[in-house]
Structures are given as structure tokens and as C-alpha cells.
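Note that the structure is predicted; figures quoted are calculated from it, not measured.
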Amino acid sequence: LCYFLNYYTHDEQAIEEVVQDVFVYLWKESDNLNITYLKTYLYSSARNRMLNYLRNEHTRTIILERWAQDCIDRAEFFLLLQDTIEALPPKCREIFLMSRDERKTYKEIAEEKGISVKTVEAQMGIALKRIREKMLSSYKEGGDIFVFLLTLL
């Protein structure tokens with residue numbers, strides 16, 4: 001079932017959750033269900049639950065995006081974000097930008113910079129912590145909005 005649901009999404013956590021829900025429902029309702037072909041039932045049930053999950057996830061994301069847009073001035077947010085990134089220590093900023101802007105993996109950054117992957121991880125941790133702290137302190141109200149927007153970057 002997990003392999004089958006991978007066709008709909010590659011989110012392993014969502015797949016495992018859906019498969020677990022199918023089996024829990026089957027276990028709880030086994031006395032009330034009249035299943036002729038178990039394999040067909042399992043695949044159909046898993047597919048339907050996954051489609052419902054994806055629809056609900058998509059709807060929730062759209063609602064959050066609209067809510068965030070209504071609550072903040074995006075230009076102001078991105079200007080503050082840019083200023084915060086610019087205020088990072090030079091090497092930390094460079095590693096952060098290589099990861100986010102150039103979409104390089106930690107391993108690629110480490111090889112290019114001649115440093116260990118652990119150093120890249122540490123620098124990214126520092127950068128993300130400082131960015132979150134600055135953004136959340138600048139916008140005391142609506143902190144959840146900014147955490148959400150930071151995940152979209």
C-alpha cells in the first residue's frame with residue numbers, strides 16, 4: 001500500500017498515516033464491513049483517503065497563504081528579511097545564500113568551501129536561528145504567520 005500511495009505523494013509520513021488509518025478503520029469496523037475482496041478494498045480505501053488528505057492539505061495551504069497575505073505587508077516583510085540576511089556574519093550569510101538561493105546541498109557547499117558538512121549544518125543553524133529571532137521580534141503579533149512564510153523561502 002505504501003508503494004502504491006507513493007504514486008500520489010512522496011511524503012512518507014502522510015503515506016504511513018493514511019495506511020495506518022485504513023488498517024485502524026478496518027480493525028474497528030471489521031464486524032460491520034462486508035468485504036469480498038480484501039486487496040481491492042485496501043487499495044481503494046487507501047487511494048480515497050490519500051486523495052482526501054491531499055485535497056485537505058492543499059486547501060489548508062491556500063487558506064494559510066491568503067491569511068498571511070491579508071495580515072502583513074509582503075514588501076515590508078521581504079525587505080526586513082533581506083536586511084536580516086545581510087546582517088549575518090559574512091561566512092554564515094554566504095553559506096545561507098548558497099543553500100537557499102543557489103539550492104546547493106550541504107555536501108556541495110562543504111566541498112566547494114573546503115569545510116565539513118557539520119560546519120555547514122552549524123552555520124545554517126545559526127543563520128536560521130538569527131533570522132527567526134529577528135523576524136519574530138520585529139513582528140511580535142502574528143509570529144505564526146512569519147514562521148509559516150519562512151518555511152516557504
Side-chain angles (χ1 to χ4, degrees), residues 1-27 39 42-153:
L1 286 176
C2 290
Y3 181 75
F4 169 70
L5 292 178
N6 200 46
Y7 172 76
Y8 295 96
T9 183
H10 298 294
D11 183 348
E12 291 179 25
Q13 184 178 0
I15 291 170
E16 290 173 2
E17 188 177 314
V18 166
V19 171
Q20 182 179 2
D21 286 348
V22 168
F23 281 103
V24 167
Y25 180 80
L26 181 64
W27 179 259
K39 186 175 181 179
L42 289 173
Y43 277 82
S44 296
S45 183
R47 182 194 67 234
N48 292 338
R49 284 179 187 265
M50 179 54 72
L51 291 174
N52 288 340
Y53 172 85
L54 293 172
R55 182 192 66 226
N56 294 339
E57 191 70 22
H58 178 71
T59 302
R60 183 170 52 242
T61 301
I62 289 171
I63 290 169
L64 281 173
E65 286 173 354
R66 286 183 188 155
W67 179 60
Q69 288 173 0
D70 291 343
C71 293
I72 66 159
D73 178 353
R74 288 183 81 116
E76 179 184 322
F77 172 81
F78 285 108
L79 184 61
L80 178 62
L81 178 61
Q82 190 62 38
D83 289 344
T84 304
I85 292 169
E86 289 300 319
L88 292 171
K91 290 182 181 181
C92 186
R93 179 179 59 242
E94 185 178 4
I95 289 171
F96 178 80
L97 293 174
M98 289 174 79
S99 173
R100 298 303 164 131
D101 290 348
E102 299 174 29
R103 304 271 190 229
K104 292 186 178 185
T105 66
Y106 288 4
K107 183 179 179 185
E108 290 171 336
I109 296 169
E111 289 172 356
E112 189 173 319
K113 302 294 289 170
I115 57 178
S116 73
V117 174
K118 290 289 186 190
T119 301
V120 174
E121 290 173 359
Q123 290 297 310
M124 284 298 293
I126 291 168
L128 292 171
K129 181 180 179 190
R130 288 186 179 183
I131 291 169
R132 280 189 201 105
E133 286 173 353
K134 177 65 176 172
M135 300 301 286
L136 291 173
S137 70
S138 296
Y139 293 99
K140 290 183 174 109
E141 291 184 27
D144 291 339
I145 296 169
F146 297 105
V147 171
F148 168 71
L149 288 174
L150 287 171
T151 63
L152 295 177
L153 300 176

Shortest non-hydrogen contact between Leu81 and Ile131, atoms and distance | CD1-CG2, 3.6 Å
If you count the non-hydrogen atoms of other residues, nucleotides and ligands that lie under 6.0 Å from CD in Gln13, is the total more than 12?
-> no
List for me each residue that meets ring-ring contact (aromatic ring centres under 6.0 Å, His included) alongside Tyr25, sequence neighbours excluded, and say none if there are none.
-> none
Interatomic spacing from CG in Leu79 to OG1 in Thr84 - rounded to 0.5 Å | 9.0 Å
Set of ring-ring contact (aromatic ring centres under 6.0 Å, His included) partners for Tyr8, sequence neighbours left out | Phe4
Within a strict 4.5 Å, meaning less than it, do heavy atoms of the Met98 and Lys113 side chains meet?
-> yes
Let me see the working for Glu121 and Lys118 under salt bridge (Lys or Arg N to Asp or Glu O under 4.0 Å), right down to the final yes or no.
-> CA-CA 5 Å; Glu121 290 173 359; Lys118 290 289 186 190; 3.8 Å; yes
Leu5 and Val19 have their tightest heavy-atom pair at CD1-CG2, 3.6 Å
Got a sec, which residues hit side chain to side chain contact (heavy atoms under 4.5 Å, CB included) with Glu86, two or more places apart in sequence or on another chain?
-> Gln82, Arg93
If every non-hydrogen atom of Arg49 is compared with every non-hydrogen atom of Val22, which pair is closest and at what distance?
-> CD-CG2, 3.4 Å
Name of the residue among Lys104, Glu108, Met124, Glu94 meeting side chain to side chain contact (heavy atoms under 4.5 Å, CB included) with Ser99 | Met124
Can you tell me how far CD1 of Ile95 sits from OH of Tyr106, rounded to the nearest 0.5 angstrom?
-> 10.0 Å
Working to the nearest 0.5 Å, report the span between CD1 of Ile85 and CZ of Phe96.
-> 4.5 Å
Quick one: pull up CG in Leu88 and NZ in Lys134 and give me the separation to the nearest 0.5 Å.
-> 11.5 Å
Rounded distance [0.5 Å steps], CD1 in Ile109 versus OG in Ser116 | 12.0 Å
Checking Gln123 side chain against Val120 main chain: does a donor-acceptor pair fall under 3.5 Å?
-> no
